[in-house]
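For reference, the structure discussed in these notes is given below.
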Amino acid sequence: MYEWIDWDQIPDVINKDQFYRICRISKSTARYLLQSGTVPCHYTGKKTRCYTIRKEDVQEYLRQRSNHPEDYTATAGWYGAKKSTGMPKNLSEETLQKLHSYYTALLVSSPDVLSTNEIVALTGYRRETVNNWCIENCVPHFFRKRTNYIPKAFLIDFFCSERFRTISKKTKWHIRTLRDFEQRLKDEQRRTKGAKKRG
């Protein structure tokens, strides 16, 4: 159980500074929880006090953290460590094709064109981050009704790019997909070796 908190004294909506103090976590951990979507929040786009969090979501976070603390730890590399998923920066053409097929299968039920909000919901990256990909022309897109849209085919290409694969502060979704892909490669290599031995 977490420490007793007088919730009657906590506003219904709080900011990031209040959040990390209430939960007794570091600013960096609070930023990770909010940016990754682990704790629901609203991003205002302001330079300061840019996150608003509902009290009920903070309460739920503390309850869940008490039962499953491992689900609320920051991903490798978040605190500046040199750890990574183990995937090399430069991939062979064959591996890139397999990665492309992996993400194609993963997004098979997604619409042919995804809005910024849909990409945020999918990847866990912030709206500002997704918009920056478009502003920096990292991925072909179009702008309509004050929203960026990215065709799924181009988004998958971007997921396979070095720019996306080498993001230092990856979301849980990003880490999970890369690790899943790496495990599939290892399983495939193991099956290939086994087949050769039997042959």
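Along the sequence shown, residues carry numbers from 1. Values reported hereafter were calculated over all heavy atoms of this structure, with side chains retained and with hydrogens, waters and symmetry mates removed. Remember, it's a predicted structure, so these values are computed and weren't measured experimentally.
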**OP:** Please answer whether the main-chain N or O of D17 pairs with a side-chain N or O of K27 as donor and acceptor at a distance below 3.5 Å.
**Re:** no
**OP:** Please name the residue in the list V39, T29, V58 that meets the side chain to side chain contact (heavy atoms under 4.5 Å, CB included) test with C23.
**Re:** V58
Subject >> Exam field: side chain K55 to backbone W7, donor-acceptor pair closer than 3.5 Å >> reply: yes
Subject >> P140 versus P151, closest heavy-atom pair with distance >> reply: O-CD, 3.8 Å
Original post:
Have T95 and S92 got a donor and an acceptor in their side chains that come within less than 3.5 Å?
Top reply: yes
Original post:
Which class fits the ring pair F164 and W133: parallel under 30°, tilted 30 to 60°, perpendicular over 60°?
Top reply: perpendicular
Subject >> Heavy-atom closest contact (T38 atom, P40 atom, distance) >> reply: O-CD, 3.9 Å
**OP:** Take the angle between the ring planes of Y149 and F142 and call it parallel below 30°, perpendicular above 60°, tilted in between.
**Re:** parallel
**OP:** Find out if a path of hydrophobic residues (ILVMFWY) with successive side-chain heavy-atom gaps under 4.5 Å connects I150 to V113.
**Re:** no
**OP:** Go through the steps for R31 and S28 under the test side chain to side chain contact (heavy atoms under 4.5 Å, CB included), then give the verdict.
**Re:** CA-CA 5 Å; R31 188 170 64 254; S28 182; 3.8 Å; yes
Original post:
What do you reckon, is CD of Q183 surrounded by more than 12 foreign heavy atoms closer than 6.0 Å?
Top reply: yes
Original post:
For the side chain of K170 and the backbone of R165, is there at least one donor-acceptor N/O pair under 3.5 Å apart?
Top reply: yes
**OP:** Could you walk me through whether R126 and V120 pass the side chain to side chain contact (heavy atoms under 4.5 Å, CB included) test, one step at a time?
**Re:** CA-CA 6 Å; R126 294 184 302 159; V120 169; over 6 Å; no
Subject >> Distance, nearest 0.5 Å, that separates CZ of R144 from OG1 of T147 >> reply: 9.0 Å
**OP:** Give, for atom SG of C160 and atom CG of L99, the distance between the pair rounded to the nearest 0.5 Å.
**Re:** 4.0 Å
**OP:** With side chain to side chain contact (heavy atoms under 4.5 Å, CB included) as the test, would you mind laying out the steps for K152 and L114 before giving the verdict?
**Re:** CA-CA 6 Å; K152 181 167 64 175; L114 289 85; 3.8 Å; yes
Subject >> Y51 ring center within less than 6.0 Å of F19 ring center >> reply: no
Original post:
Going hydrophobic residue to hydrophobic residue with side-chain gaps under 4.5 angstrom, can you get from I167 over to L91?
Top reply: yes
Original post:
Say you draw a straight line from NE2 of H141 to SG of C134; how long is it, rounded to the nearest 0.5 Å?
Top reply: 4.5 Å
**OP:** Mark yes when over 12 heavy atoms from residues, nucleotides or ligands other than N67 sit less than 6.0 Å from its CG; otherwise mark no.
**Re:** yes
Subject >> Non-hydrogen side-chain atoms of L155 and L107 separated by less than 4.5 Å >> reply: yes
Subject >> Centroid-centroid distance, H100 to F159, less than 6.0 Å >> reply: no
Subject >> side chain to side chain contact (heavy atoms under 4.5 Å, CB included) partner of Y103, chosen from T177, D157, V108 >> reply: T177
Subject >> Any donor-acceptor N/O pair, T52 side chain to N15 backbone, under 3.5 Å >> reply: no
Original post:
Is any side-chain N of the basic residue among R191 and E188 closer than 4.0 Å to the acidic one's carboxylate O?
Top reply: no
Original post:
Hey, any chance L34 and V13 share a hydrophobic cluster, counting ILVMFWY side chains that come within less than 4.5 Å of each other, even indirectly?
Top reply: no
**OP:** State whether K186 and E182 are salt-bridged, where the test is any N-O pair (Lys NZ or Arg NE/NH1/NH2 against Asp/Glu carboxylate O) under 4.0 Å.
**Re:** no
Original post:
When clusters are formed by joining ILVMFWY residues with side-chain heavy atoms under 4.5 Å apart, either directly or through shared neighbours, do I5 and I25 land in the same one?
Top reply: yes
Original post:
What distance do R176 atom CZ and T171 atom OG1 have between them, rounded to the nearest 0.5 Å?
Top reply: 8.0 Å
Subject >> Pair R184-D187, salt bridge (charged side-chain N to carboxylate O under 4.0 Å, His left out): steps then yes or no >> reply: CA-CA 5 Å; R184 289 173 186 241; D187 291 342; over 6 Å; no
Original post:
What about I10 and L33, same hydrophobic cluster or not, with Ile/Leu/Val/Met/Phe/Trp/Tyr joined at side-chain heavy-atom distances under 4.5 Å?
Top reply: yes
Subject >> Between OH on residue Y32 and NZ on residue K172, distance to nearest 0.5 Å >> reply: 4.5 Å
Original post:
When rounded to the nearest 0.5 angstrom, what is the spacing between OH in Y102 and CG in L178?
Top reply: 8.0 Å
**OP:** Would you mind reporting whether H42 and R54 have side-chain heavy atoms less than 4.5 Å apart?
**Re:** no
**OP:** Report yes or no: does Q97 contribute a side-chain atom to a donor-acceptor pair with the main-chain N or O of E94 at less than 3.5 Å?
**Re:** no
**OP:** Search all heavy atoms of I53 against all heavy atoms of C41 and return the closest pair with its distance.
**Re:** CG1-CB, 3.9 Å
**OP:** Kindly say whether S115 contributes a backbone atom to a donor-acceptor pair with the side chain of E118 at under 3.5 angstrom?
**Re:** yes
